[in-house]
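Structure record follows, encoded as structure tokens.
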Amino acid sequence: MIVGVPKEIYPGERRVALTPAVVPMLAKAGLEVAIEAGAGTSAGYPDAQYQEKGAKVLPDRASVFAQSDIVVQVLGHGANDKNGASDLSLMRHGQLLVAFLRPLASAETVQQIAQTGATAFSVELMPRTTRAQSMDALSAMASIAGYKAVVAVADALPRIFPMMTTAAGTITPSRVLVIGAGVAGLQAIATAKRLGAVVSAYDVRPAVKEQVQSLGGRFVELPLETGDAQDARGYAKAQDEAFYAKQRELLGKVIADSDAVITTAVVPGKKAPVLVTEVMVKGMAPGSVILDLAAERGGNCELTHPGETVVVHGVTILGPVNLAGTAPYHSSQMYARNLTSFLTNLVKDGKVRPPESDEIIRETLLTQGGEVVNARVREMLGLPALVAQS
Ligand code: NAD
């Protein structure tokens with residue numbers, strides 16, 4: 001079977017779905033790689049490296065789609081909301097597609113993918129089980145984004161992070177607050193600690209307290225009822241507006257005492273909760289920095305402009321939309337490993353395993369035979385349930 005890698009077309013996207021290192025691993029599983037010329041160049045992987053590892057280089061996008069049994073992408077249609085639709089006419093019935101497809105965002109885009117007849121798997125739907133950990137692209141990208149968020153904040157802050165005792169006096173360390181201590185948040189805590197900041201963190205899920213503390217962060221406890229903050233899949237549950245209002249009130253003072261705030265709070269399939277209001281921004285010292293990692297999902301700060309940096313009331317607010325993509329060498333390396341684990345589980349002895357045989361295949365399967373077949377996605381997008389076929 002041929003696994004095809006088209007070049008990413010989202011404007012400014014530098015990642016690539018497979019790297020040369022995974023080509024032999026896929027070959028062992030009977031999967032041959034065909035890559036569009038130049039697909040890996042901006043991530044630091046020239047065509048020659050793919051060829052050395054046994055991949056075929058094809059001249060254009062149309063040939064990659066035409067010759068592949070399985071197409072793998074970073075941002076597929078849906079996740080690529082700029083020009084991803086241009087791939088729809090290249091997909092064909094029965095062809096497999098594995099990519100970020102943003103399945104819970106729009107019923108229209110998932111239905112458009114379904115209409116091509118492709119069998120599409122969305123990496124966002126990966127179950128959070130031990131076996132699926134090596135395939136978990138959301139976690140891989142979140143780790144890089146958490147690290148990069150701190151690097152960006154350190155750069156934007158008019159202060160340095162560490163304490164410094166010099167002949168010219170002593171500098172006190174910067175105080176960094178991380179709101180949302182999931183995968184990205186924990187990586188941000190660890191990175192800010194390494195740079196010498198005093199780090200505190202808050203999350204609605206009390207279960208993360210020990211993880212924050214083990215990284216040397218202080219866990220901010222707010223007197224909020226958070227008993228059922230976590231769902232069975234380990235994600236935060238959406239709360240009502242009264243809860244968020246109380247949370248904002250309690251967070252105000254902690255935010256005012258911080259030099260930098262990194263927010264990462266999201267709830268799957270929902271707009272990110274607003275946790276930092278304009279009044280709270282006003283309460284921060286001039287020169288403070290907020291980096292809103294939830295910018296893409298509507299933002300945790302009400303002044304965030306996705307994809308932009310704004311200065312309001314003397315506070316710099318960064319709303320980056322694709323931080324993982326700014327470290328394309330390593331984010332591609334991690335994503336390629338995620339896909340390789342996924343593909344070698346999906347295809348055994350040259351045959352695609354049926355979804356009934358495996359939880360990972362079943363849960364990530366989004367479209368098949370012209371239909372959106374994922375029950376969770378149908379429910380969240382308000383599509384009627386499919387009638388079970390016996
Ligand atoms: P996420 O990206 O969905 O959310 C980021 C964080 O924001 C979460 O920790 C969430 O609790 C928090 N949050 C949501 N609403 C909030 C609010 N109002 N105030 C403060 N914080 C809020 O989550 P994630 O980073 O993808 O991971 C969530 C959990 O799942 C983590 O504990 C992670 O360790 C776990 N996980 C497990 C596996 C696995 O077992 N295979 C894989 C990945 C993640």
Side-chain angles (χ1 to χ4, degrees), residues 138-139 141-162 173-205 208-209 211-213 215-220 222 236 247-248 250-267 272-277 280-281 283-285 287-312 315-327:
L138 276 181
S139 290
M141 297 304 112
S143 302
I144 300 219
Y147 161 82
K148 271 285 183 141
V150 174
V151 173
V153 165
D155 193 35
L157 200 66
R159 302 164 168 265
I160 60 166
F161 272 21
S174 292
R175 288 154 304 178
V176 176
L177 171 68
V178 176
I179 302 177
V183 179
L186 290 172
Q187 204 54 246
I189 295 166
T191 307
K193 266 312 269 188
R194 278 184 221 126
L195 283 178
V198 170
V199 185
S200 30
Y202 168 73
D203 198 296
V204 267
R205 294 180 300 116
V208 300
K209 179 178 172 179
Q211 295 168 19
V212 170
Q213 288 172 338
L215 292 169
R218 182 177 73 89
F219 189 71
V220 176
L222 301 182
Q247 189 179 359
R248 286 193 289 268
L250 294 167
L251 271 176
K253 173 146 173 40
V254 193
I255 290 175
D257 285 345
S258 304
D259 300 306
V261 176
I262 295 171
T263 65
T264 78
V266 294
V267 176
V274 172
L275 303 176
V276 185
T277 60
M280 292 156 92
V281 173
M284 296 180 83
S288 303
V289 174
I290 296 173
L291 187 143
D292 193 345
L293 258 185
E296 231 166 322
R297 304 272 298 276
N300 291 139
C301 172
E302 68 179 2
L303 301 177
T304 300
H305 288 251
E308 289 177 34
T309 297
V310 293
V311 181
V312 188
V315 176
T316 303
I317 303 165
L318 294 91
V321 289
N322 179 9
L323 268 186
T326 64

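As a basis for the values below, the full set of heavy atoms in this structure was taken, side chains included, without hydrogen atoms, waters or symmetry mates.
Remark: the backbone N or O of V198 is not paired with any side-chain donor or acceptor of R218 at under 3.5 angstrom. The backbone N or O of V254 lies less than 3.5 Å from a partner atom in the side chain of S258, making a donor-acceptor pair. No donor-acceptor pair under 3.5 Å is formed between the side chain of D259 and the backbone N or O of S174. Within the 3.5 Å criterion, the main-chain N or O of G180 finds a donor-acceptor partner in the side chain of T264.
In this structure, R297 and V267 approach most closely via the heavy-atom pair NH2-O, 2.9 Å. Considering all non-hydrogen atoms of both residues, Q211 and L186 come closest at OE1-CD1, 3.1 Å. Taking each heavy atom of G182 and D203 in turn, the nearest pair found is N-OD2, 3.9 Å. Contact detail for V310 and H305: the closest heavy-atom pair is CG1-CD2, 3.7 Å. The shortest non-hydrogen separation linking L157 to A260 is CD1-CB, 4.4 Å. In this structure, A256 and G283 approach most closely via the heavy-atom pair CB-O, 3.6 Å.
Summarising the geometry, atom CD1 belonging to I189 is positioned 9.0 Å from atom OG belonging to S200; distances are rounded to the nearest 0.5 Å. One finds the CG atom of D292 at 10.0 Å from the CG atom of L303 (value rounded to the nearest 0.5 Å). Expressed to the nearest 0.5 Å, how far OG1 of T263 lies from CG of L293 amounts to 7.0 Å. Remark: R159 CZ to R175 CZ distance equals 6.0 Å, nearest 0.5 Å. Atom CG of L251 is separated from atom CG of L222 by 5.0 Å, given to the nearest 0.5 angstrom. Atom CD1 of I255 sits about 7.5 Å away from atom CG of L275, to the nearest 0.5 Å.
Between V176 and V153 there is no side-chain heavy-atom pair separated by less than 4.5 Å. Side-chain contact between N300 and I179: absent, with no pair of heavy atoms (C-beta onward) separated by less than 4.5 Å. The shortest distance between side-chain heavy atoms of F219 and V208 falls below 4.5 Å.
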TODO: Could you walk me through whether V212 and Y202 pass the side-chain contact (heavy atoms from CB on, under 4.5 Å) test, one step at a time?
DONE: CA-CA 9 Å; V212 170; Y202 168 73; over 6 Å; no
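The side chain to side chain contact (heavy atoms under 4.5 Å, CB included) test with T191 singles out one residue from L215, V150, V199, and that residue is V150.
Within 6.0 Å of CZ on R248 lie more than 12 heavy atoms contributed by other residues, nucleotides or ligands.
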